[in-house]
Peer 1: 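Below is a structure I'd like to ask you about.
Throughout, protein chains are lettered first and strands after them, A, B, ... in sequence-line order, and every chain is numbered starting at 1.
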Amino acid sequence: MDAVEKLIARYLDQRESLDDAEIAQLAAAAGESPEVARALKRQLVVEELLGQRLAVDRQGFEAQVEQRLHDIQCGQRQLAEQAAQLRQLAESQLEAMPGEVRRRRRYRWLISLAASMLLVAGAAYGYWNLRLVQPLATIVAVEGDVWRVDADRWKAMWASAANTEGSILGTMLGEVSAEADQIAATSTEPIMHGEGFLVGDGGRMQLQYADGTRVTVRGRTMVGFAARGWTFAKTVHLAEGQVTAKVAKQGGRGAMEFETASAVARVLGTELSLRANGRATRLDVYEGRVQLVRRADGKTALVQADEVGVATADELTVEPIQWPLFRDGLIARMDAGFDARPRIILPMQGETELPLVAHGLAWPGRNGALTLAGGGFTAEDAGRHLVDAIRRTRQWTLELLLEPKSLAVAESAALFALQSDDGTEALAITQFGSSLYLRLAGDAKPADSDDSSSLGRRIADLPEVRPYHLAIRFRDGELVVLLNGEQLPVQAGVSCDWERWSASRLVLGSAEADEHHWLGTISHLAIYNRYVVDDDLRRQAASAMRFFRRMTPQRVLVRAVPTSPPRIARRGRGESAPSLVVRDFRVLEEVVGKLSEARFTAAYWDVLDSQHAALLPAAEAERIFVLEPLADYPHVARQLDSTGESASDSPASSTAATHFVVEWQ
Amino acid sequence: MAATNTKLDFDAVLAETHARIRAYIAGMGIARHEVDDVAQEVYLEFYKSLEKMPEDLAPERWLKGIARNLCLNHIRRCARRGRLHHQALAEILARTESELESPGRVESLHVALDTCLRKLPPKSREILQLRYEQDLPSHSIADALGSTAEAIRIALFRIRNGLRDCIANSLARESA
């Protein structure tokens with residue numbers, strides 16, 4: 001690389017890093033040599049194309065231009081209207097004083113000229129101050145105590161929060177709620193530039209901007225709202241607490257910014273939650289991408305869907321969001337065991353972990369799903385903790401992400417149960433045919449039900465074999481079911497005998513004594529002892545689905561029909577280098593065809609030949625083998641042997657010497 | 001009705017040309033973070049002057065004329081140091097042709113870029129991601145990757161050259 005190329009590289013990196021002499025040198029080189037000029041131009045153009053394609057804040061250029069045009073057109077209309085109003089006002093005042101009018105008529109043109117000039121200056125000033133008089137947003141819902149503070153007061157609070165490491169919310173809430181002239185916020189009220197709000201314990205406020213952007217302020221939160229710059233871009237100052245937002249596409253107004261004491265999150269259109277205290281900011285992104293900027297040094301990180309970004313004085317990190325997203329009232333969640341140790345975690349018992357022990361033909365996959373192929377998993381003692389927690393509140397919400405293997409289940413088969421040692425159930429979910437049923441201790445079957453009494457209450461019909469997010473919640477005799485975020489008809493009058501609510505264990509799939517087995521996979525489980533609202537359940541459904549797709553990309557994303565039998569050649573160690581070595585897997589499915597919509601990321605599970613990146617771009621892959629890891633479950637391999645499945649494809653342990661070569665056609 | 005037609009034409013021209021006009025502006029040496037601001041001004045001027053545009057002139061040429069003037073104005077206004085040299089450089093760059101700016105379908109350009117990006121080795125893609133997605137300067141990328149700023153600048157220079165060749169070949173194949 002010669003000196004001029006190095007100069008070009010620096011020019012591209014940071015214009016300001018070149019001093020006058022170097023700029024002159026570059027200009028002279030480009031002037032003297034068309035090759036240098038072309039090389040520089042090519043670099044600049046490719047850099048721009050990359051920026052257009054990859055930069056998060058450069059995707060909506062057309063919308064930005066449209067917005068600018070719209071603003072100009074609105075501005076011209078407003079100016080014309082204001083001029084007409086002022087002229088009308090001036091004329092009516094002149095007409096009210098006829099003696100004066102005669103004397104001033106000769107000077108009217110002078111007055112008009114002066115008024116026009118004032119008008120132009122005033123309009124510019126007025127436009128800038130529109131943000132002070134135009135509502136930014138409207139409050140659409142208020143629950144509990146929500147106090148409004150004016151702009152000056154909020155400014156002082158924001159400064160105080162930014163300069164204090166600990167929490168000041170308690171003090172501020174105390175001050176504001178004790179004042180005689182404090183203003184309680186109510187719905188349908190507008191929010192003005194600079195105003196702040198304090199939301200008390202258990203309170204909640206929701207507001208909406210004109211473009212549909214919605215912000216929800218959770219309990220124990222101090223937050224302010226402002227408009228930024230000439231485009232009045234939306235700005236939210238989160239001093240402490242938590243806000244969630246669904247941000248509409250921002251177009252030419254510029255990114256919506258969520259500022260905290262430690263960071264700024266820049267959003268062009270997405271769904272997110274932001275939490276902050278004096279020291280740290282946590283950003284959870286559910287959709288789209290958000291740029292998180294640490295205020296102290298301007299360091300940035302891109303936080304994408306299902307990721308959480310944390311900014312403190314010491315760190316700026318981005319990690320995957322742990323499911324479930326909501327932790328209030330969470331009494332159990334499942335970790336399906338990427339490390340082959342599936343377990344139930346009890347957050348209310350200090351994150352106690354209870355192992356899920358496999359029996360029969362059931363095993364945890366490294367893709368984060370439990371495979372139930374004629375068996376189940378049991379967490380002893382989990383049932384007791386869960387039943388105790390639910391009896392305290394007498395309400396519950398259960399979420400499962402499941403994928404049945406069949407829609408023609410001939411005998412009722414359980415996929416989830418809270419069960420006593422004697423086999424009685426507090427709660428059980430079963431599948432019969434293509435329908436799911438719920439059995440609840442003390443619930444009589446509905447009067448108009450044609451179901452067999454042993455099945456329980458029919459809660460959902462599954463239209464096809466695919467993953468489903470199932471959410472069931474119960475309170476005061478009302479049973480609500482959401483399937484993939486869609487609410488099914490509410491069932492009222494459901495009785496639950498809390499006295500008979502007892503259980504010792506949690507079972508996924510069939511219990512050891514069961515004769516009929518549910519076949520499929522379960523990858524997520526969450527249980528709450530509270531009534532989780534629809535919006536939160538929908539968000540969790542979307543998040544779980546995204547996670548599931550990410551973990552099993554081949555089966556979900558590839559749509560193609562096998563046209564020929566698998567060609568898997570077995571070779572021993574030391575033979576010629578294969579294109580892909582697979583071990584400890586069995587082949588579930590082979591897909592051949594046009595794969596333009598898929599990227600082959602079989603190596604996501606981190607076990608295929610130590611590859612981390614996509615192995616092949618879609619256009620080059622003609623054949624994909626869907627593989628299932630068997631982990632360290634020799635009993636599964638043995639049972640596969642006995643059932644005649646392709647056990648030869650599933651060596652009993654990771655130390656087996658058998659390798660398979662997948663040949664690409 | 002006339003206004004509606006003007007708007008429809010404008011939208012179509014905007015959609016069809018903005019990627020290349022932004023590239024043209026960048027190709028005159030306007031800093032990356034200022035390109036879209038200048039480009040917005042170009043399209044606003046274009047909108048205002050739609051009726052003045054000769055009928056037999058391609059909109060993209062008209063737009064490039066506006067862009068050239070606005071870029072030179074921008075450099076005159078903004079260059080804090082070495083204004084004359086920046087201006088001279090912009091004039092030279094405006095006269096220099098780039099294969100990637102020639103009229104054609106925007107989609108083709110983006111498809112070619114995407115295809116070429118996929119062909120890059122993971123390390124190169126990571127550098128591009130840090131540079132363009134996360135907008136990090138070379139020294140920050142160097143910190144993240146355990147390298148030096150100089151090495152990152154050179155790597156970026158070479159990656160961009162490789163991409164330019166790849167895109168140009170891809171477009172040539174398509175037009176053949």
Peer 1: Would you call Lys6(A) and Arg153(B) a side-chain contact if the rule is heavy atoms closer than 4.5 Å?
Peer 2: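 SC-SC contact between Lys6(A) and Arg153(B) ruled out.
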
Peer 1: Side-chain contact test, heavy atoms from C-beta onward, threshold under 4.5 Å: evaluate it for Leu113(B) versus Leu50(A) and give yes or no.
Peer 2: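 The answer is yes, as the side chains (C-beta and beyond) meet within the 4.5 Å cut-off.
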
Peer 1: Can you tell which of Glu62(A), Gln43(A), Lys299(A) has the highest number of heavy-atom pairs within less than 4.5 Å of chain B?
Peer 2: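 Most heavy-atom pairs within the cutoff with chain B belong to Gln43(A).
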
Peer 1: Side chains of Arg160(B) and Leu12(A): does their closest heavy-atom pair fall under 4.5 Å?
Peer 2: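 Touching, per the 4.5 Å side-chain cut-off.
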
Peer 1: Which value, rounded to the nearest 0.5 Å, describes the distance between Arg22(B) atom CZ and Leu49(A) atom CG?
Peer 2: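 These two atoms lie 9.5 Å from each other.
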
Peer 1: Do any N or O atoms from the side chain of Glu48(A) and from the backbone of Tyr24(B) form a donor-acceptor pair under 3.5 angstrom?
Peer 2: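 A pair under 3.5 Å: no.
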
Peer 1: Hey, could you give me the CD1/CD distance between Ile92(B) and Glu32(A), rounded to the nearest 0.5 Å?
Peer 2: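 Nearest 0.5 Å value for the CD1-CD distance: 9.0 Å.
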
Peer 1: Sub-3.5 Å donor-acceptor pair from the side chain of Glu133(B) to the main-chain atoms of Leu302(A), do we have one?
Peer 2: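 Flag not set: sc Glu133(B) to bb Leu302(A) has no pair under 3.5 Å.
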
Peer 1: Does any backbone or side-chain atom of Ile159(B) lie under 4.5 Å from a heavy atom of chain A? Answer side chain, backbone, both or neither.
Peer 2: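 For Ile159(B), no heavy atom lies under 4.5 Å from chain A.
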
Peer 1: Using a 4.5 Å cut-off on heavy atoms from C-beta on, say whether the side chain of Phe10(B) contacts that of Val65(A).
Peer 2: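 Yes, side chains in contact.
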
Peer 1: Please classify the contact between Gln25(A) and chain B as side chain, backbone, both or neither, with a heavy-atom cut-off of under 4.5 Å.
Peer 2: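 Contact with chain B: none, neither part.
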
Peer 1: Is chain B contacted by the side chain of Glu22(A), its backbone, both, or neither, given a heavy-atom distance below 4.5 Å?
Peer 2: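 For Glu22(A), no heavy atom lies under 4.5 Å from chain B.
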
Peer 1: Can you confirm whether Leu40(A) sits close enough to Thr96(B) that some side-chain heavy atom of one is under 4.5 Å from a side-chain heavy atom of the other?
Peer 2: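 Result no, sub-4.5 Å side-chain heavy-atom pair not found.
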
Peer 1: Enter the distance from Leu128(B):CG to Arg53(A):CZ here, rounded to the nearest 0.5 Å.
Peer 2: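 Nearest 0.5 Å value for the CG-CZ distance: 14.0 Å.
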
Peer 1: Quick one: does Ile152(B)'s side chain get under 4.5 Å of Asp13(A)'s, heavy atoms only?
Peer 2: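 Sidechains of Asp13(A) and Ile152(B): no contact.
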
